[in-house]
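The sequence lines fix the lettering, A, B, ..., with proteins before strands; numbering per chain opens at 1.
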Amino acid sequence: MTAVLERPPPAPAPEPPAPRRTARLPRRALAVAAVLLAWVLLGALLRGRQTLALGPAELSPLHRGLSEVTDSIGAGRATNPLFTHGFDVVRQVVDAVVTLFQDVIAQPSFGRPVPVLGWLGVVAVAVLLAALAASWRVALLTGAGLVTVGLQGLWTESMETLALTLAAVLVCLLIGIPLGIWAGVSHRVHRVLTPVLDVMQTMPSLVYLAPLTLVFLIGPASATIATIVYAVPPVIRLTAAGVREAPAGVVEAARSVGADRWQTLRTVRLPLARQLVVTGVNQTIMAALSMATIAALINAPGLGQTVLQALETLDVGTAFNAGLAIVVLAVLLDRATSAASARVARRRGAPARGPWGRAAVGAGVVLTLVAVWFSRTYVWAAQFPAEASVGPRIADAADAVSAWAQTNLSALTLEFKDAATESVLNPLQTLLTDSPWWVTGGALVALAGLAGGRRAVVAAVVCLGLLIALGLWEDSMTTLASTLVATVLTLSLGVTAGVAMGRSARVDAAVRPFLDAAQSMPPFVYLVPFLALFAASRFTAILAAVVYAVPVTTKIVADGIRAVPVETVEAATSAGSTRWQVVTKVQLPMSRHALALAANQGLIYVLAMVVVGGLVGAGALGYDVVAGFSQSTLYGKGLAAGASIVLLGVLLDRVTQAAAARTRAPA
Amino acid sequence: MLTVVHRGRARGAGRRRVVRTGAVAAVLSLGLSGCGASTIEESTDAPAAGAGDCGTINLAVNPWVGYEADAAVVAEVATTQLGCTVEQKNLKEEVSWQGFATGEVDVILENWGHEDLKQQYIEEQQVAVEAGPTGPTGEIGWYVPPWMVEQYPDITDWTKLNGYADLFETSESGGKGQLLDGDPSFVTNDEALVANLGLDFQVVYAGSEAALITSFRQAQADRTPLIGYFYSPQWFLSEVPLVKVDLPPYTEGCDADPEKVACDYPTYALDKIVRADFAEENGPGYQLVKNFSWSNDDQNLVARYIAQDGMTPADAAKKWIAANQDKVDAWLPT
């Protein structure tokens, strides 16, 4: 969670092997083995006792209480001044912003049967903006991408999704950048904000979706606010990191010439932070887009609706077509903002546009205006021609592939699932869930301490204690078992692919589009084929999590490997190292920080899929959250399950970070 | 159009770029307005369908195909035959009921039991009222794929289930037979049932309707054993006619204590719920909703149009209405 913010410290030169450390490591390994042995023995001895089990339909008093609190809030809504004056104002403002975007690109508006801009106008404006902010290459990509979603027969749906995403991002920036600057200059604000942002990013959205509609009503405002909750943390974090990490020397220099705090911020810190801020904007856009399917659950229009409705009839092809449109939008927005941020970085000191450049800009503006005029005048330029749609063909192809896989591979895949579950998942889960709670808890605290020292012990004790208090210990341990297996799988795949990508630009170019697709394709799209291949099971949930988490892990590892200085690699090669030695002795050790970050983010992404896992047979916390969203009597339990997921996230995050800090700076 | 662009390019060759693009634009506009493309003004001449005094109906659409069939038919009749404006809102049940309290939802067309929500919104907050049965009867229970009944004819008798428990073992069921439970939207007593009937089974939570249907479809296609929680009416039953297992019959009050349940699920008379003020205003929209009622077969037919024939809900509704105007007439306000 928080690790993403720290800019990698300058990579330390590979240290000569310290004899002290090699002597210490076996001792720690012995201690770990001793803890594990004690855990297994005690667990087997006391199996099934004091496991704090609670059946899926059972409730603890805390769960009942939480449900009643929400009910009473709902009942008092009409008379409560907080609602009538406070929240309603927020709702109206957000509604107005979203409606504006929808009127311009997505919905019939101002008494006309079409939006202000027809498809041709939207394409022209987007291409122009991309050309101005990024480059001609990106502009071309933007145009091609937008025409693609039109050809998929999903123009209106895509524009609905885009309108809501852009509105949410706009609000995110209005809130996030000032807040990020504040957190950047004040340590106290930063300390208070960090755990809040952690919760916002790991609390499953299904937990707060229903209450949101109670507060902000069913409509665009609720969908937008749900999106904002999930999407605003990255821009706050990266802005804060950018402001905080301005080189001390430069800040000092500004102070010494008599600049006050505000002047230093404006003239030194903010300009230096600009690139990280743009990266934050990029991540916020991606996060906002990933909420399209979830927001559809409370009537947000757009591609998410298409995906969900196709799922009702198990129409894999149609869902895939819509998912593909989301991928296209994600890639467009990602490339445009990334290119813009690279340009921001380059522009310092670059010459202004020459006369040719100015002429090109002028021509672009003229062309865009013409296109806009067309799109406001003629039907063909306003509504994407339906005859051109290749959507059904894409859907048919996806259906064929999925059907082929289901018929021909399922015998094999089911066997694989059984073997993996029997040999790895079941033993691990038994150890975690069937041992008495104090044995499992004690062992986890001991392992945390061995990995991360005193800080990790404190984090583990607090988090595990709160997990017990929330009343879902057994479910939490079940989810933890699946999470650990999924994370190990994610890391082994991510490191393998990341090393290959980091070492070869060609591999990188070939693999990256698939990573982008896997990361932005809504999981709902591939759930049905996965279910057919691996049955409703914990294994299916683990696989879905791996698909979602591998891309981010791979990308971070690849960046880390690429950052290793070429001279170092060449020196090692010329000294006669084999390729394997170069990878294991030079490249991996030198990208240690990237590896730690990849592990941390891999974990967080795996946890983000716990709820999706609940939809495909993982049971435990994910199912509790889904059931809480669906049945009012189970709401409190769903909330407790959501909080438990947050606690698991904080626990794993803090322990891995403490462990990473320890290996970076051996005492 | 292609020729127009081409001509523009030839003309502009060799000139400064601004001039060239200006020329393209000019030629484009000349060419297009000349070739008689229809303009937006022309296309909007037809006035919107009869805006009567019916007003707006906020119709919750819950996420299953049978409900979509209800909603599409009611919406189509209300718009075309009564001149109402219908706002269809795609929502889960829980959120739909909340909508009664906030005034954002007027109608739920197919409510499955939900005694707790009725208590909360009808009895306590008094923001909603019942508006009569939808028609279809909801049935919840344990089902097996048809191939199993052919091969093991007595498998639909619950007293014989323990003999087959081994068949149903999976990687998820911890050495017992797996009973696949499901959609978290529906009430389940299955853990208590398994315990109280002394069955050697373990309940495994599939977690979604999609997971249940995929599992049953796969089980029938590959002839693998499966027993699970399912319900009718449901479009999937017309693709694979699952067979219901006979549990000890339901008697009034046998499910009063959830811990001690040892009987089948009750049948649900699916019903319509409307916002209290919407009912009080008694407009044509409310009267349509109140009169609306159709059979299991009617709903299944429209659901099949949507799920198996791939029609949009609106097209499916039009097709059904065209063939059944007599039934529709009975719903119209007098």
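Minimum interatomic distance between Gly103(B) and Arg275(B) (heavy atoms only, all atoms of both residues): CA-CD, 3.8 Å.
Only the side chain of Leu180(B) comes within contact range of chain A, with at least one heavy atom under 4.5 Å from a heavy atom of that chain. Heavy atoms closer than 4.5 Å to chain B are found nowhere in Ala300(A), neither backbone nor side chain. For Phe524(A), no part lies near chain B; criterion is any non-hydrogen pair under 4.5 Å. Proximity to chain B is limited to the side chain of Gln305(A), based on heavy atoms less than 4.5 angstrom apart. For Trp64(B), the part lying near chain A is the backbone, with the side chain staying farther off; criterion is any non-hydrogen pair under 4.5 Å. Residue Asn58(B): no heavy atom, backbone or side chain, is found under 4.5 Å from chain A. Using a 4.5 Å cut-off between heavy atoms, Ala210(A) touches chain B through backbone and side chain atoms alike. Neither the backbone nor the side chain of Glu93(B) comes within less than 4.5 Å of any heavy atom of chain A. Contacts between Ser375(A) and chain B at a heavy-atom distance below 4.5 Å involve the backbone alone (N, CA, C, O). Heavy atoms closer than 4.5 Å to chain B are found in the side chain of Val114(A), but not in its backbone. Only the side chain of Asn426(A) has a heavy atom closer than 4.5 Å to any heavy atom of chain B. Residue contact with chain A, scored on non-hydrogen atoms closer than 4.5 Å, involves the backbone and the side chain of Thr214(B) alike. With a 4.5 Å cut-off on non-hydrogen atoms, Val127(B) does not touch chain A at all. Looking at Glu68(B), only its side chain comes within 4.5 Å of chain A, counting heavy atoms on both sides.
In this structure, Tyr205(B) and Tyr623(A) have tilted ring planes: the angle between them lies in the 30° to 60° band. Ring pair Trp373(A)/Tyr378(A) is perpendicular by interplanar angle, where above 60° counts as perpendicular and below 30° as parallel. The aromatic rings of Phe216(B) and Phe230(B) lie perpendicular to each other, with more than 60° between the two planes, well past the 30° mark.
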**Report entry** side chain to side chain donor-acceptor pair (under 3.5 Å) assessment of Ser410(A) paired with Thr413(A)
**Finding:** CA-CA 5 Å; Ser410(A) 63; Thr413(A) 49; 5.4 Å; no
Query raised in the report: Can Leu615(A) and Val626(A) be said to form a side chain to side chain contact (heavy atoms under 4.5 Å, CB included), step by step?
Result: CA-CA 7 Å; Leu615(A) 296 171; Val626(A) 177; 3.8 Å; yes
Query raised in the report: Can you check side chain to side chain contact (heavy atoms under 4.5 Å, CB included) on Phe539(A) and Leu425(A), steps first, answer last?
Result: CA-CA 8 Å; Phe539(A) 188 79; Leu425(A) 185 57; 5.5 Å; no
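At least one side-chain heavy atom of Lys417(A) sits less than 4.5 Å from a side-chain heavy atom of Phe534(A). A 4.5 Å side-chain heavy-atom check between Gln178(B) and Glu169(B) finds every atom pair outside the cut-off.
Contact tally against chain B (heavy-atom pairs below 4.5 Å) for Asp418(A), Ile298(A), Ile218(A), Thr421(A): the top residue is Ile218(A). Between chain A and the residues Val61(B), Ile213(B), Ile306(B), the most heavy-atom pairs under 4.5 angstrom are made by Ile213(B). The greatest number of non-hydrogen atom pairs below 4.5 Å with chain B, out of Ala620(A), Gly614(A), Gly619(A), is found for Gly614(A). Taking Gln88(B), Arg217(B), Lys92(B) one by one and counting their heavy-atom pairs under 4.5 Å with chain A, the maximum is reached by Lys92(B).
The pair Glu172(B)-Arg538(A) counts as a salt bridge, with a side-chain nitrogen and a carboxylate oxygen less than 4.0 angstrom apart.
The environment of CD in Glu87(B) is sparse: at most 12 heavy-atom neighbours from other residues, nucleotides or ligands sit within 6.0 Å.
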